[in-house]
Engineer: 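One structure coming up, written as structure tokens, with questions to follow.
Order of listing sets the numbers, starting from 1, for every ligand and every atom in it.
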Amino acid sequence: MTGPERATRALVRLDAIQTNVQVVRRALAPATMMWAVVKANAYGHGAVPVARAALEAGADALAVALPEEGWALRQAGIGSPILVLGPILPEQAASVVGADLDAIVFSPAVIEALARAAADRGRPARVHLKVDTGMGRVGAQPDDVAALAERIVAERALQWAGLMTHLADADHEEREWTRGQYRQLLRVVEGLRRRGWAPPVHAANSAGALRFPGLQADGVRVGLALYGVAPWAGAPPLEPALALQSVVTMAKRVPAGFRVGYGHTYETAEPLTIATVAAGYADGVRRGLSNRGAAIVGGRRVPIVGQVSMDQLTLAVPREVRVQVGDPVVLLGRQGGAAVSAGDWAAWLDTIPYEVLCGIGARVPRTYLPPPA
Ligand SMILES: *Cc1c(COP(=O)(O)O)cnc(C)c1O
């Protein structure tokens, strides 16, 4: 017997992911390495199917935030290089090496822990020296890079796989900050070159890779663009990969003065149809969309009214639009000529599309088109 199937689901188009990989690929020189960033369950899309689709479409490697995310990809049988973008602690070194993951380093303690773990295992560990050129979060200060590099090259068990930095503001209208990070990076690269060291350099995220070709360097780490969200207004066309779909569970014609939902935050001003939908904030349809957001039913974009509750929400549908129980509702995606994007949600919620996509609830089943290999 199969269990009950939920009508609310996220439909992930792997062909859209592949198209987006190719859009980015075309913006790169052929030898430039492309990491497909699949951290946080591939921004909510499902790490394993997205990773496979991206590799098949031309990504060279994968990147995750956490060692356990890399481990899960290895468990699924993925053999490509996997870079752990987040800082690791010395006690995580053995599991990182054990899963054959690339690590970032910016402290002697982690360099030593990785070298020890690699020596124990009898296989080299690949490390990327991270320099802080202006993100101000993690990474070595530029003046400390040479000393850390010396430690890396002195460790026989380590393979120096890259010098990396992260951009703080590549999607910002004002380009000066990114240019400053670039100049800082060039100074570091020059300093290393004078010592005879020339590790592969990577700096750019989606916005950096598509907007600053000079910053593509030897590799780019692309997340958002893979999912079809434009990293800035001038980005090349990308295909949104995720649609969040649900159904109408009740449709009722109500008079003016009808109150809806917790706290009665909405009262109809005229007769209309209230359509109840089987999705709520536990699915990632954030409560902040109450009386702000919109969804699509009957090919029409209609407002979300009343408070979004944990498992349900309500739409105000004009009387002339026919809706009935079981009708499909698009919370994110398109239907007919209407569309609601992660960018729309981000504007309504005063956040960024990243948070919208990562916030799609774990209980929402993901289905894939075409079905994953
Ligand atoms: C998440 C992340 C990326 C990808 O950023 P996008 O803006 O999604 O392309 C690249 N590099 C690092 C270090 C990251 O943490």
Engineer: Under 3.5 Å between some N or O of ligand 1 and some N or O of G223?
Structural biologist: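 Min N/O separation from ligand 1 is below 3.5 Å for G223.
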Engineer: Any nitrogen or oxygen of K130, side chain or backbone, less than 3.5 Å from one on ligand 1?
Structural biologist: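 In this structure, K130 places no N or O atom under 3.5 Å from an N or O of ligand 1.
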Engineer: Can you tell me how far the CZ atom of R211 sits from the NE2 atom of H172, to the nearest 0.5 Å?
Structural biologist: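 Interatomic distance, R211 CZ to H172 NE2, rounded to 0.5 Å: 9.0 Å.
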Engineer: When rounded to the nearest 0.5 angstrom, what distance separates CD in E69 from CG in L62?
Structural biologist: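 The distance works out to 11.5 Å.
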Engineer: Considering non-hydrogen atoms of the protein only, which is the closest contact for atom 7 (O) of ligand 1, and what is the distance?
Structural biologist: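 Protein heavy atom at minimum distance: Y354 OH, 2.6 Å.
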Engineer: Could you tell me how the ring of H128 sits relative to the ring of W35: parallel (under 30°), tilted (30 to 60°) or perpendicular (over 60°)?
Structural biologist: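 Rings of H128 and W35: perpendicular, as their planes differ by over 60°.
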Engineer: Could you state the interatomic distance from CH2 (W232) to CG (L224), rounded to the nearest 0.5 Å?
Structural biologist: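 Between atom CH2 of W232 and atom CG of L224 there are 11.5 Å.
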Engineer: What protein heavy atom sits nearest atom 9 (O) of ligand 1, and how far away is it?
Structural biologist: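 Sorting protein heavy atoms by distance from atom 9 (O) of ligand 1 puts S206 OG, 2.5 Å first.
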Engineer: Looking only at heavy atoms, is any part of H166 under 4.0 Å from ligand 1, and if so is it the side chain, the backbone, or both, or is it neither?
Structural biologist: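 The side chain, only.
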Engineer: If you measure from the Lys or Arg side-chain nitrogens to the Asp or Glu carboxylate oxygens, is any gap between E176 and R183 under 4.0 Å?
Structural biologist: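 A salt bridge is present here (some side-chain N lies under 4.0 Å from a carboxylate O).
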Engineer: To check your reading of the model: name the closest protein heavy atom to atom 15 (O) of ligand 1, its residue, and the distance in Å.
Structural biologist: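 Atom 15 (O) of ligand 1 sits closest to the protein heavy atom K39 NZ, 2.7 Å.
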Engineer: Over 60° means perpendicular and under 30° means parallel, so tell me whether Y354 and Y43 are parallel, tilted or perpendicular.
Structural biologist: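 The arrangement is tilted - the two ring planes meet at 30° to 60°.
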Engineer: What about L85: any of its N or O atoms under 3.5 Å from an N or O on ligand 1?
Structural biologist: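 Among all N and O atoms of L85, none is under 3.5 Å from an N or O of ligand 1.
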Engineer: Quick one: which ligand 1 atoms are inside 4.0 Å of a heavy atom on L224?
Structural biologist: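 Those qualifying, in numeric order: 6 (P), 8 (O), 9 (O).
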Engineer: Between W35, Y227, Y43, which one has a non-hydrogen atom sitting closest to atom 8 (O) of ligand 1?
Structural biologist: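 The residue whose heavy atom sits nearest atom 8 (O) of ligand 1 is Y43.
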Engineer: Please write down residue, atom name and distance for the protein heavy atom closest to atom 11 (N) of ligand 1.
Structural biologist: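 So the nearest neighbour among protein heavy atoms is R221 NE, 2.9 Å.
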Engineer: Counting non-hydrogen protein atoms only, what is the nearest one to atom 5 (O) of ligand 1? Give residue, atom name and distance.
Structural biologist: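 Protein heavy atom with the smallest distance to atom 5 (O) of ligand 1: N205 CB, 3.4 Å.
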Engineer: Does R175 qualify as a cation-pi partner of F212, given the criterion of NZ or CZ under 6.0 Å from the six-membered ring centre and within 45 degrees of its axis?
Structural biologist: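 Yes, R175 sits over the ring of F212.
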Engineer: Can you tell whether the side chains of R300 and E320 come within less than 4.0 Å, N to carboxylate O?
Structural biologist: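 A salt bridge links R300 with E320.
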